[in-house]
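Here is the structure we will look at, set down as structure tokens.
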Amino acid sequence: MAFKSTRDLTKNVGVEDLIMLSEVTESSLHENLKNRYKEGLIYTSIGPVLISMNPYKQLGIYGNDQINLYKGKHEFEIPPHIYSIADKAYRALRSEGENQCIIISGESGAGKTEASKYIMQYIASITGSSAEVERVKKTILESNPLLEAFGNAKTLRNNNSSRFGKYMEIQFNLAGDPEGGKITNYLLEKSRVINQTQGERNFHIFYQLLKGSTEEEKKTYNLLSPDQYLYLTRTGGNGCFNADGIDDQIGFKQTKNAMKVVGIDEPLQKELFATLSAILLLGNLSFNKSTSGNGSVISDKKLANTIASLMGVDSNVLESALVSRQISTGQGARISTYSVPQSVEQAMYARDAFAKATYSKLFDFIVRKINQSIEVKTIGKVIGVLDIYGFEIFENNSFEQFCINYVNETLQQIFIDLTLKTEQEEYVQEGITWIPVQYINNKPCVDLIEKKPIGILSLLDEECLFPEGNDQTMIDKLNKHFSNHTHYSKVERQKNSQFIINHYAGKVFYNIDGFLDKNRDTLFNDLVSLATSSSCSLLVEIFKYVAPIEVDIEQEKKNRDKFSKNGFANNAAKTFIPTDKKRPITAGFQFKNQVASLLKSLYSCSPHYVRCIKPNSNMRALEWDQSKCAEQVTYLGLFENLLVRRAGYCYRQTFTKFMRRYYMIGKSTWPKWSGDAENGTKLLMSELTQNINIKEEIQYGKTKIFIRNPQPLFFLEDKRNQRLNDLATLIGSVWKMYKQRKWYLRTLAAIKIQRTYRGWLLVKECVKLKNQSISIFQNNKERNRQSIKLSKAAFIGDFLSLSRDNFTTATLKREEGPNAALQLSLNVSKVSRHHKIQKRSLLITNETIFTISPHKPKKDGSWFAIKRKVPFSVIEKISFSKLSDDFFVIHINNEHDLCLETNKKTVLITLLSNLYSRHLNGKELAFEFKDLIQYRNQKGPSELKFVKVDSIHEKSSNSPQVNSPTFTAKAEKNSLKVSVLPGLSAETKSILIEK
């Protein structure tokens, strides 16, 4: 079987996937990574694991062109890249419907934060573009510069080092577009607020505020130059105020813009910046010994007033909270409160604790605001991206480094569990032929730190409970309990303040000084009360906020069941009984719970790994430090991972899930497989992989199928996608046929309903007009046998079909205006001034009667001439005889009248009556019935005389009627005599006929 590839490589240095190494040794692995790195190829893979090496320069390998190159591609088609990992996680989420996580690990300065940014960028680029999706994506992307400003700092190893851990979860809707997310932050290094190592900086936001603020803002926030703050220069030198590659002024603009995006408006920004200024000024606050010799006082009252003003608190309350402590004794009504003065050292400790707590709570507030802006109520599938501080070994390693290295130790354990330990155990359980690969298991080191009841964190919490507990008693306890532990070592007596832990990344000397204070994380109630009394709403909110307690429902149920069974005799159960005297929550305990929650989230997802390597400590572009890189390769377990991957199988899946995914591509398993899943899998694979050596590529375990190389899997995926497209086309065609047929039948039904409804409306209107005609003529005029028969079409009115004639329409609009519309057209006979019968046509609009005379069509399109124009407003009345003739006279004010005859008299008069009334706001048209009608023609007064006769001779008749005339007309002096045959009774009613 041939597998196609769309690779287009510009460079070919070494191998892109270390599995393809011809010689599998540590030296060949190192040499391959080195050669690729020197050529700017910073990405290499070990199967699904991506190795990323920090180039310390821009390589031009990111952007829309590269995103389009990696979108929807399999790993073997394209070179390894951070985009490939992001695309694989996204495709797995869409196809498998399971949560995904990308674990980025490596030491500080290895490029973890940048990797997470590129992952976010890729996901934002390949997903939808609706307004809400774009808002969510913009918020997620803008959260990066905001969190970096408040959580990152320059260290000796990295100019943009994350001093906190972050787990970003992006939730997707059914269409595969981001609909929200959540950020969880871990252990901000808040001690950096008050102190930094020589050559390092405080958090970026302080320098952004000091350098990026306008002169007006500097005056508003009482800002000084960086060298005037003790918290920025506490290292003993002049302080470090700049960082290569970081522009604090531009960063400040980006931070302010990001604040707007996540919902921090301008008034809230002002409160936030004022609080930051107050934190910096707190470091300049010094204390003197009280003159009474007991306690301390603030030495600079003016500075205290400035700080109090920025924080919105009373300056006296601020001083009292710093130099004294309120202690309560007794219970119930016997509580007594005492004010205990604090020494200079204690006041300085309270000052620093307040500054650290305020900044830490500000950071938590910003994370909450981001989460609120991307919060989603529904539960969906997520991709989690873990960007957490890297393993750290400094000259002085304190409590923060201990916690940081602890979480890295647990992440290393996940990597070992899922890529080395679990995978090998699975091969054995499934009966797959396997030669075990030895690896370093770091679980004993993790247990040393977190195991209950005897672990370093447990002992630390225990020591914090004792009033006499201190750092020295703590290290004595550690030496006593762990002296024989393989991952713990004592330090010689002269350095008894240190202990050693042998981590997966190497031995680390920890300085015990400050461990207990940092673990207690004590903030006196006086300082909390100070903050909550502020007029600054931000300060009140961050100090009053209490994080919701996450309850493990299953564990809670077990505890309650155990308690109900054993009662108070069970000491373990007592800890779950609510009580007012709760054990204080320490920083270590809190962090351990956070790590446990993180591990639970990671284990519930399908993991993807990015292992970051720091090539050198000098942060020089494309410089390779062999010993440093070899050390990282060793403790990251890359060589062991290579051995397992080289000998193992890249894909494994239970028979049931495999069949559920691929059953549609086999002729023997489609459309439904009702047999055993294992037999179905074997039948399907034998059908599809006839040209593959099955024994080498595929093995069948007890419950799973194993595929060694990715190419057959990609072939299955391509076949599945092709089959899904074919099925989608088939379903689409059937649906379209059904939909079109349904539309056709609905259309036929609609036409029938519309036709019936229009017919009903027409009949209704015709009946209305018929009744109106009856009201005009009944009992007033004898009826003609033909005129009483009214068809439904008659009342349409346009007997000459001129409503669509262009010349007629143009002529009417020219004469009457743009709103002119033809309502009635018919042929009539006109009595001339000489009492002769002339052929004419009538055109009636909404407000005018036109008499026209047709002529031979001309070149300009004209075919008639207007003889007379009679507006409705000048019509006085219409006269009829009482006999059954069709003559009528339209009397016109101040002009000669119109004497006309038509066999459509009933329809004409009825419609004209309606138009007249509508145009003249309800005025009724007047009718007159008499056998002698006097009217005016062009020559003067004239008469119409009507006589009833018994018979008419057709040859001698002068009648406009062609066949069987019912009347004759004879001109006399100044009159026209009309002889009329007897008609139907005047009481005869009109009737409707179909035609």
Side-chain angles (χ1 to χ4, degrees), residues 190-191 193-196 202 221-239 274-330 334-359 467-472 513-514 516-518 520-536 539-540 543:
K190 57 186 177 182
S191 62
V193 174
I194 65 169
N195 192 25
Q196 309 90 43
N202 208 319
Y221 304 135
N222 294 279
L223 300 178
L224 310 174
S225 60
D227 59 354
Q228 291 180 280
Y229 291 104
L230 180 65
Y231 280 168
L232 304 183
T233 58
R234 216 173 187 181
T235 55
N238 294 325
T275 305
L276 289 174
S277 176
I279 290 172
L280 288 176
L281 289 175
L282 273 172
N284 293 355
L285 205 59
S286 58
F287 302 89
N288 294 329
K289 192 173 182 180
S290 174
T291 54
S292 63
N294 191 14
S296 58
V297 294
I298 292 177
S299 56
D300 189 342
K301 302 289 185 183
K302 184 178 179 181
L303 177 58
N305 291 337
T306 302
I307 296 171
S309 175
L310 289 169
M311 302 186 82
V313 298
D314 185 270
S315 58
N316 294 325
V317 178
L318 172 64
E319 180 173 9
S320 175
L322 293 174
V323 302
S324 64
R325 180 182 170 195
Q326 301 294 322
I327 297 179
S328 299
T329 60
R334 294 187 175 184
I335 292 180
S336 300
T337 303
Y338 303 92
S339 179
V340 180
Q342 302 289 286
S343 65
V344 172
E345 291 76 15
Q346 289 172 328
M348 291 176 66
Y349 176 86
R351 173 201 66 185
D352 292 344
F354 187 48
K356 291 188 294 183
T358 304
Y359 188 83
E468 302 300 324
N470 55 53
D471 295 327
Q472 191 56 50
D513 293 341
L516 261 69
D517 279 343
K518 291 175 180 179
R520 289 191 182 106
D521 199 22
T522 306
L523 184 67
F524 298 135
N525 289 334
D526 307 68
L527 297 172
V528 175
S529 299
L530 168 70
T532 54
S533 69
S534 170
S535 60
C536 169
L539 205 60
V540 175
F543 272 89

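When all heavy atoms of Ser533 and Val313 are compared, the pair lying nearest together is OG-CG1, 4.3 Å. Summarising the geometry of Ala308 relative to Asp314, their closest heavy-atom pair is CB-C, 4.1 Å, with the distance given to 0.1 Å. When all heavy atoms are compared, the tightest approach of Leu530 to Val317 is CD1-CG1, 3.6 Å. Ser277 and Asn222 get closest at one heavy-atom pair: OG-O, 4.0 Å. Across every non-hydrogen atom of Val193 and Asn202, the tightest pair is O-ND2, 2.9 Å. When every heavy atom of Leu318 is checked against every heavy atom of Ile307, the shortest pair comes out as CD2-CG2, 4.0 Å.
Using a 4.5 Å cut-off on side-chain heavy atoms (C-beta onward), Asp526 and Leu322 make no contact. Residues Val297 and Val323 form no side-chain contact, since every pair of their non-hydrogen atoms from C-beta on lies 4.5 Å or further apart. Under the 4.5 Å side-chain criterion, counting only non-hydrogen atoms from C-beta, Leu223 is in contact with Tyr229. At a threshold of 4.5 Å between non-hydrogen side-chain atoms, the residues Gln342 and Phe287 do not count as touching. Contact check for Thr275 versus Tyr359: no side-chain heavy atoms found under the 4.5 Å cut-off. Side-chain contact between Met311 and Phe354 is present, with heavy atoms from C-beta onward closer than 4.5 Å. With a 4.5 Å cut-off on side-chain heavy atoms, Thr358 and Leu539 count as touching.
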Can Asn284 and Tyr231 be said to form a side chain to side chain contact (heavy atoms under 4.5 Å, CB included), step by step?
-> CA-CA 8 Å; Asn284 293 355; Tyr231 280 168; over 6 Å; no
Give the C-alpha distance, both sets of side-chain angles, the deciding distance and a yes or no for side chain to side chain contact (heavy atoms under 4.5 Å, CB included) between Gln326 and Ser339.
-> CA-CA 5 Å; Gln326 301 294 322; Ser339 179; 3.4 Å; yes
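In Asn288, the CG atom is crowded: over 12 heavy atoms of neighbouring residues, nucleotides or ligands sit closer than 6.0 Å. Residue-environment remark: NZ (Lys289) stays at or below the threshold of 12 foreign heavy atoms within 6.0 Å.
Interatomic distance, Lys301 NZ to Thr306 OG1, rounded to the nearest 0.5 Å: 13.5 Å. Rounded to the nearest 0.5 angstrom, Leu282 CG and Leu230 CG are separated by 11.0 Å. Here Gln196 contributes atom CD and Ser191 contributes atom OG; the two are 9.0 Å apart, rounded to the nearest 0.5 Å. Between atom CZ of residue Phe524 and atom OG of residue Ser324 there is a gap of 11.0 Å, rounded to the nearest 0.5 Å. The structure places CG of Asn195 at 10.5 Å from OG1 of Thr233, a figure rounded to the nearest 0.5 Å. Note that CG of Asp521 is 7.0 Å distant from NZ of Lys356, once rounded to the nearest 0.5 Å.
In this structure, Ser299 contributes its side chain and Ser286 its backbone to a donor-acceptor pair below 3.5 Å. At distances below 3.5 Å, not a single donor-acceptor pair connects side-chain atoms of Asn305 with backbone N or O atoms of Ser315. A distance-only check finds a donor-acceptor pair linking the side chain of Arg351 to the backbone of Leu285 [under 3.5 Å].
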